[in-house]
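Right, one structure below, let's go through it.
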Amino acid sequence: MPELPEVETTRRGLAPHLVGRRVLRARVRRRRLRRPVPWALERRLPGARIEALDRRGKYLLARTDRGTLILHLGMSGSLRLVPATARPGPHDHLDLVLDDGRALRLRDPRRFGLALWTEGDPLVHPLLASLGPEPLDRRLRPGDLCARLAGRRAAIRNVLLDGRVVAGIGNIYANEALFLAGIHPARPAGRLGRDGCARLLRALRRVLRESLRAGGTTLRDFVDGSGEPGRYRLRLRVYGRAGRPCPRCGTPIRRILLGQRSAFFCPRCQR
DNA sequence: CCCGATTCCTGTAGGC
DNA sequence: TGCCTACAGGAATCGG
């Protein structure tokens with residue numbers, strides 16, 4: 001699933017190839033993604049020069065001299081550079097044909113992804129404006145995380161999935177970080193204590209960095225800009241491992257449902 | 001504001 | 001072998 005490490009892996013792989021390129025044409029094959037792909041995107045992108053590829057949470061921002069293309073990979077999306085003549089598959093919904101004979105291609109079988117266009121500051125776009133801090137930002141202090149969790153009674157695993165609290169965390173890294181921090185996924189978010197917040201922030205940063213180093217996690221669909229899957233799946237400690245031994249103490253990993261979504265944890269190591 | 005349930009979508013796994 | 005169902009999940013939205 002494209003969470004922060006997968007989106008950042010995509011960004012790092014693509015940026016050197018995209019920045020400085022001009023878009024010759026935008027081809028939308030399927031308009032109905034999570035939201036309709038706006039017509040302005042096809043009208044305004046041709047002729048635009050890509051100046052930067054940024055990331056905010058799980059969003060990619062292709063900044064051009066005319067406006068910004070906002071992309072989100074949903075749960076099955078991937079972005080690749082392909083020869084402009086390469087035949088598209090059934091789930092290749094969007095191509096940006098570039099001036100170097102290649103095309104940036106968005107593939108998204110489940111169509112939870114997004115391609116939007118804005119000519120203002122993308123960071124104030126309604127989808128991005130309320131995003132919480134970047135977990136890898138050094139300016140984020142344990143006390144800041146604590147303050148954001150204060151008073152919240154929902155399960156910490158659920159609260160970590162809320163991008164307004166911290167940006168970019170999905171189910172895989174929420175579970176992995178809680179394991180490393182020794183925190184039970186159902187613990188009320190506001191009851192972690194200062195020490196718990198600090199351990200959680202440290203654990204989040206550790207799993208995100210580990211995954212980044214491995215090129216992200218591929219469960220099924222994710223590939224980076226050159227088509228390579230991520231290698232972090234092999235290193236997952238609890239996610240998707242119900243019944244298998246805890247890597248620390250050997251107790252079988254448990255799976256529970258927390259708000260209709262699986263949570264994985266070690267009943268002995270996580271309290 | 002906070003929280004939980006629901007919704008979108010399709011490929012895959014598992015049961016029979 | 002083939003059909004059917006359950007499940008996976010990001011995040012907006014809605015109702016309480």
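The sequence lines fix the lettering, A, B, ..., with proteins before strands; numbering per chain opens at 1. Here the structure is a predicted model, which is why all the values come from computation and not from measurement.
Both A/Arg261 and A/Ala155 sit near DNA chain B, but only A/Ala155 has its closest nucleotide nearer the 5' end. Between A/Ser130 and A/Met75, it is A/Met75 whose nearest contact on DNA chain C lies nearer the 5' terminus.
The side chain of A/Arg152 approaches B/dC3 more closely than any other nucleotide in the set B/dG11, B/dC9, B/dC3.
OP1 or OP2 of B/dG11 sits under 4.0 Å from a side-chain N or O of A/His91. Proximity of A/Arg111 to the phosphate of B/dT10: a side-chain N or O atom is located under 4.0 Å from OP1 or OP2.
Residue A/Asp162 contributes atom CG, which lies 12 Å from atom P of B/dC1 at whole-angstrom precision. Counting to the nearest Å, the C1' atom of B/dG11 and the CG atom of A/Asp108 are 12 Å from each other. The interatomic distance linking A/His93 (NE2) with B/dC9 (P) rounds to 12 Å, in whole Å. Note: NE2 (A/His72) to C1' (B/dC9) measures 15 Å, nearest angstrom. In this structure, CZ of A/Arg31 is placed 18 Å from C1' of B/dC8, rounded to the nearest angstrom. For the pair A/Phe112 CZ and B/dT10 P, the computed distance is 9 Å after rounding to whole Å. Atom CG in A/Leu114 sits about 17 Å away from atom P in B/dC8, given to the nearest Å.
For the pair A/Arg148/A/Val159, no side-chain contact is recorded, criterion being any heavy-atom separation below 4.5 Å from C-beta on. Annotation: side chain of A/Ile256 is not in contact with side chain of A/Arg157 (no heavy-atom distance under 4.5 Å).
Using a 4.0 Å heavy-atom cutoff across all strands shown, A/Ser76 reaches no nucleic acid atom at all. No engagement by A/Arg32 is indicated, since no non-hydrogen atom pair under 4.0 Å with the nucleic acid exists. Contact annotation for A/Leu127: backbone-only contact, meaning every heavy-atom pair under 4.0 Å involves sugar-phosphate atoms and none involves a base.
Only one option out of A/Leu61, A/Thr10, A/Val7 pairs with A/Arg55 in a side chain to side chain contact (heavy atoms under 4.5 Å, CB included); it is A/Val7. The salt bridge (charged side-chain N to carboxylate O under 4.0 Å, His left out) test with A/Asp95 singles out one residue from A/Arg107, A/Arg29, A/Arg27, and that residue is A/Arg29.
Seen from the ring of A/Phe179, A/Arg248 counts as a face-on cation partner, given the 6.0 Å and 45° thresholds.
Taking a heavy-atom distance under 4.0 Å as the criterion, the stretch of DNA chain C touched by chain A extends 5' to 3' from C/dA8 to C/dA12.
Below 30°, between 30° and 60°, or above 60°: for A/His72 and A/Tyr59 the angle between ring planes is above 60°, a perpendicular geometry.
Under the side-chain contact (heavy atoms from CB on, under 4.5 Å) criterion, A/Ala150 pairs with no residue, sequence neighbours left out.
Summary of helix geometry: the two end axes of the helix from B/dC2-C/dG16 to B/dC16-C/dG2, each defined by five base pairs via their C1' atoms, are inclined to each other by 50° (rounded to 10°).
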